[in-house]
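Have a look at the structure below before the remarks.
By convention in this document, chain letters (A, B, ...) are assigned in the order of the sequence lines, proteins followed by strands, and residues within each chain are numbered from 1.
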2 protein chains.
Amino acid sequence: MTLSVREFMPDIAHADILEAAALCFMERGYNATSIDDVARRLGATKGRIYHHYPAKADLFAKVCRTGMDMNYAAIEPVRGDSADLLERWTRMATIHTRQMMETRPFQRAVWEGVELALRGSTTSSQREELDELLRYRNGYGDIFREVIAQGRREGVFDFEDLGIANQLMFMALNSPIFWYTKRPGETEADREKIIRQVVTFAMRGLGGKRQTQ
Amino acid sequence: MTLSVREFMPDIAHADILEAAALCFMERGYNATSIDDVARRLGATKGRIYHHYPAKADLFAKVCRTGMDMNYAAIEPVRGDSADLLERWTRMATIHTRQMMETRPFQRAVWEGVELALRGSTTSSQREELDELLRYRNGYGDIFREVIAQGRREGVFDFEDLGIANQLMFMALNSPIFWYTKRPGETEADREKIIRQVVTFAMRGLGGKRQTQ
DNA sequence: TTGACAACATACCGGGTAGTATGTTCATCA
DNA sequence: TGATGAACATACTACCCGGTATGTTGTCAA
């Protein structure tokens, strides 16, 4: 049961702006999105946005950070779970994948933000913000990394290089941000079926010993 | 044995420009890359580029198409392979993954081009070029899709939805374009080890019955 | 040797956009 | 009730970049 964007946001006015920004960034990418685009989607003008955010880069950074905040909040309940390790990983992966689908605009911003940070060819002002996003995201990734590392020690997972395995796992779990779109008559069962396939693919890929069928 | 960019290109002058453009597009993305950036990398000026390409979009499209050309050429030899189906898939996947690593700048352009095409928020002039790239790329994807579909019928693969399985498979096989970087003292054996892990992950993810260890 | 053309370089223009400076409205509170 | 400031809208500027128009150099053929 992940959080909706609005529920998670304390400030409603900001949530409006952030949602519109996230949608624009998802549809056109950071560079191709103008502040006027975001304002137009809000039915407002630049003034409103620049009143709350000093620069476009700050707005983007806020969208990214909000996306990661939601991810952290979503998996927090199962982190200290005392369940079987493979079961814990499955819960985490399921929650994560669902998160990718339900908050897709924010997660695509995170993806692009990480790409921008890794390229590193930006001005020093937004450089720091993007680096912080990268650290924030790596911290999140480490949570999964530790689980699959322990899983390998316990013999429930089987892979060679931990870094590569983690990358491949996240590529699979994150992939819905690229190809998932909510269909008109889509039910909760449909979504669960998609999530199950993604999680199963990743688990098998990691050499998981038990089938999550 | 994949083709190098220069070997594959018939026109040398064009290869210079395309390589420089691919590197720029990889480092900064399409929108953030100016024609002057590409020219500067070439040690030239805009004039040289605009003499050969009518617009920035055409240059980008050519880079993408070149990337796909190389992919098609690389897997062509094993398409009609009479080997065991899982073996054939493994060869194709291995070649594809190696291709992602060796021609990474071009493949990242392809990735961004597909993203741009799917977003569809571009002017009608480059719209047609991007749509053609999309078809070109889908044709390539269908080659793999048919193999894993047949594999499922023969019982060597096991997955639910064919479309989702194909997406997940390509996410894994393509992933090196995001995280792979050639290390200083890297050997051919190192590269093969990486490729093997990627291919193994994808094969297991697809429910492949035999281990490629 | 000269005309013609390819292959560039140089100089310039125009549109789009981030950011700013300046209104304007409305609620709140002394 | 008037002053104050938040929350915007409006109007404007400066800059970057795609594209073009024009100049320059070398080559090659007749």
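Whole-Å rounding puts the I49(A) CD1 to dC8(D) P distance at 11 Å. Rounded to whole angstrom, the span from the CZ atom of R40(B) across to the P atom of dC8(C) amounts to 18 Å. The CG-C1' distance, from D16(B) to dA7(C), rounds to 14 Å in whole Å. The CG-P distance, from L59(A) to dG19(C), rounds to 11 Å in whole Å. As a whole-Å value, the separation of R48(A) CZ from dC8(D) C1' is 8 Å.
With S175(B) contributing its side chain and M171(A) its backbone, the two residues share no donor-acceptor pair below 3.5 Å.
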Give each protein N/O atom lying under 3.5 Å from an N/O atom of nucleotides 17-23 of chain D, with the pair distance.
unit_1: dG18(D); atom_1: OP1; unit_2: T33(B); atom_2: O; d: 3.3
unit_1: dG18(D); atom_1: OP1; unit_2: K56(B); atom_2: NZ; d: 3.0
unit_1: dG18(D); atom_1: OP2; unit_2: I35(B); atom_2: N; d: 3.0
unit_1: dG18(D); atom_1: N7; unit_2: K46(B); atom_2: NZ; d: 2.9
unit_1: dG19(D); atom_1: OP2; unit_2: Y50(B); atom_2: OH; d: 3.2
unit_1: dG19(D); atom_1: OP2; unit_2: K56(B); atom_2: N; d: 2.9
unit_1: dG19(D); atom_1: N7; unit_2: K46(B); atom_2: NZ; d: 3.2
unit_1: dG19(D); atom_1: O6; unit_2: K46(B); atom_2: NZ; d: 2.6

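For residues 164-174 of chain A, the set of pairs meeting the side-chain hydrogen bond (donor to acceptor under 3.5 Å, both in side chains) definition, not counting sequence neighbours, comprises H96(A)-N174(A).
Here H52(A) does not reach the OP1 or OP2 of dA6(D): none of its side-chain N or O atoms lies under 4.0 Å away. For the OP1/OP2 pair of dA7(D) and a distance below 4.0 Å, the side-chain nitrogens and oxygens of H51(A) include at least one atom meeting the criterion.
Just one residue in the list V199(B), I194(B), I177(B) forms a side chain to side chain contact (heavy atoms under 4.5 Å, CB included) with T97(B), and that residue is V199(B).
Remark: K56(B) fails to qualify as a cation-pi partner of Y50(B) under the 6.0 Å distance and 45° angle criteria applied to the six-membered ring. Figure legend: cation-pi geometry between R137(B) and F170(B), with NZ or CZ positioned under 6.0 Å from the six-membered ring centre and within 45° of its axis.
Side-chain contact of D190(B) with T187(B): a donor-acceptor pair under 3.5 Å is present, judged by distance alone.
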